[in-house]
Colleague: 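Quick one: the structure is below, questions incoming.
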Number of protein chains: 2
Amino acid sequence: MMELTRKGEYAIRGIVYLAAQPAEQVCLLSDIATAVDVPQTFLAKIFQQFSKIGLVRSYRGTGGGFVLGRAPERITLLEVVEAVEGPIVPNRCVTGEGECSRTSTCNAHPVWVNVQEQVRDILAKVTLKELAGNQD
Amino acid sequence: MMELTRKGEYAIRGIVYLAAQPAEQVCLLSDIATAVDVPQTFLAKIFQQFSKIGLVRSYRGTGGGFVLGRAPERITLLEVVEAVEGPIVPNRCVTGEGECSRTSTCNAHPVWVNVQEQVRDILAKVTLKELAGNQD
DNA sequence: ATAAACAGGACATAATTAGTCTTTTAGAGG
DNA sequence: CCTCTAAAAGACTAATTATGTCCTGTTTAT
């Protein structure tokens, strides 16, 4: 239960690598993919998702590549994970889709809400700066 | 991310139903399945898993069925979930399989350990008694 | 014996994950 | 304006996991 998918793992590796680079350093996708050991085409998809929501900025053409969208201390692990894995929802009944209306009062509901909040809270407190700190 | 599977949901529904019955009341699988709206054959698998670790006791033959293995206040949601979903592990690197040795120091590691602990903690504090309380 | 009920294994199907491949779009430089 | 570079986008494929089903056995009460 609760497993981060490989995509999520790759996403973290990739963006942490970017965060560890000097500010405004444009990185080639191919270089990132090699460095963090992720299939380039797969990482491309992930970075496209990052790009759409501004976690990274992309430049096309010669001299192009990727740069972190904001300062590493202003990007949280929660944002990164939710960008590729979708919202953190331990149980469908938390999304309020009416799934839970089986019994009028589902006693488990508040538990899942609690789990969701705690996890989001933990991930929201970790920034890319911390994750990128003192790497080789 | 972090979704409980349907199996996990069914497991909870099924055992909460049992917990809501009068103590030592033997319940037919077919009745439970109908009551909680889960395919009987699927629920059978789930209850087999419960049975193996003593969360429920099973009786075969005429008059057989299932009974809760312990008092409902002594069975936690964590036990139920882990019984069918396996251990709560947000990331492979938490299991210590050496996956994380890509970089000698994975800064994300302590975060996942923290997530794991918090979630287990929350689920461990909820008992079947609470979940079964005042149901229709 | 025999009928009731769970146990266990093999199987089937659908959904999701994990990628790949091809074409398009954008920018830089000659 | 031509071409080369690099990301964007979409269609496609393969592998894995989730979600069941089915059949055969085993236990037990009557």
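Basis for what follows: all heavy atoms, side chains included, without hydrogens, waters or symmetry-related copies. A, B, ... follow the sequence lines: proteins, then strands. Residue 1 opens every chain. Predicted model, so just to flag it, every value in this text is computed and none were measured.
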Colleague: Which nucleotide of DNA chain D is the first, and which the last, in the 5' to 3' direction, to come under 4.0 Å of a heavy atom belonging to chain B?
Modeller: D/dT19 to D/dA29
Colleague: Who are the salt bridge (Lys or Arg N to Asp or Glu O under 4.0 Å) partners of A/Arg60, not counting sequence neighbours?
Modeller: none
Colleague: Can you list, by chain and residue number, the hydrophobic cluster partners of A/Tyr59 when the side-chain cut-off is 4.5 Å?
Modeller: A/Val26, A/Val67
Colleague: Against A/Val16, only a single residue in A/Leu77, A/Leu128, A/Ile75 fulfils side chain to side chain contact (heavy atoms under 4.5 Å, CB included); can you say which?
Modeller: A/Leu128
Colleague: Nearest whole angstrom, please: distance from the P of C/dA5 to the CD of B/Gln48.
Modeller: 17 Å
Colleague: For B/Thr62, enumerate each residue passing the side chain to side chain donor-acceptor pair (under 3.5 Å) test, keeping only those at least two apart in sequence or located in another chain.
Modeller: none
Colleague: Each nucleotide in nucleotides 11-19 of chain C should get exactly one letter: B, S or -. Can you fill that in based on protein heavy atoms under 4.0 Å?
Modeller: -------SS
Colleague: What residues, two or more places apart in sequence or in another chain, satisfy side chain to side chain donor-acceptor pair (under 3.5 Å) together with B/Lys125?
Modeller: B/Asp121
Colleague: Residues of residues 53-62 of chain A with any non-hydrogen atom less than 4.0 angstrom from an atom of DNA chain D: list those, numerically ordered, please.
Modeller: A/Ser58, A/Tyr59, A/Arg60, A/Gly61, A/Thr62
Colleague: Pairs under 3.5 angstrom only: tabulate donor-acceptor contacts from the side chains of residues 39-56 of chain A to other protein residues two or more places apart or in another chain.
Modeller:
| unit_1 | atom_1 | unit_2 | atom_2 | d |
| --- | --- | --- | --- | --- |
| A/Gln49 | OE1 | A/Lys7 | NZ | 3.1 |
| A/Gln49 | NE2 | A/Ala83 | O | 3.3 |

Colleague: Not counting sequence neighbours, which residues clear salt bridge (Lys or Arg N to Asp or Glu O under 4.0 Å) with A/Arg70? List them please.
Modeller: A/Glu79
Colleague: Could you note down all residue pairs passing side chain to side chain donor-acceptor pair (under 3.5 Å) where residues 23-36 of chain A supplies at least one of them, sequence neighbours left out?
Modeller: A/Glu24-A/Arg57
Colleague: Tell me which pairs pass salt bridge (charged side-chain N to carboxylate O under 4.0 Å, His left out) where either residue lies in residues 106-117 of chain B, with sequence neighbours left out.
Modeller: none
Colleague: Which residues pass the side-chain contact (heavy atoms from CB on, under 4.5 Å) test with B/Pro87, not counting sequence neighbours?
Modeller: B/Glu82, B/Val89
Colleague: Whole angstroms only, please: what is the CD-P distance between B/Gln40 and C/dC6?
Modeller: 7 Å
Colleague: Whole angstrom is fine here: how far is it from CG in B/Leu28 over to P in C/dA4?
Modeller: 12 Å
Colleague: Does B/Ser51 reach a base, just sugar-phosphate, or nothing at all? Heavy atoms under 4.0 Å.
Modeller: sugar-phosphate
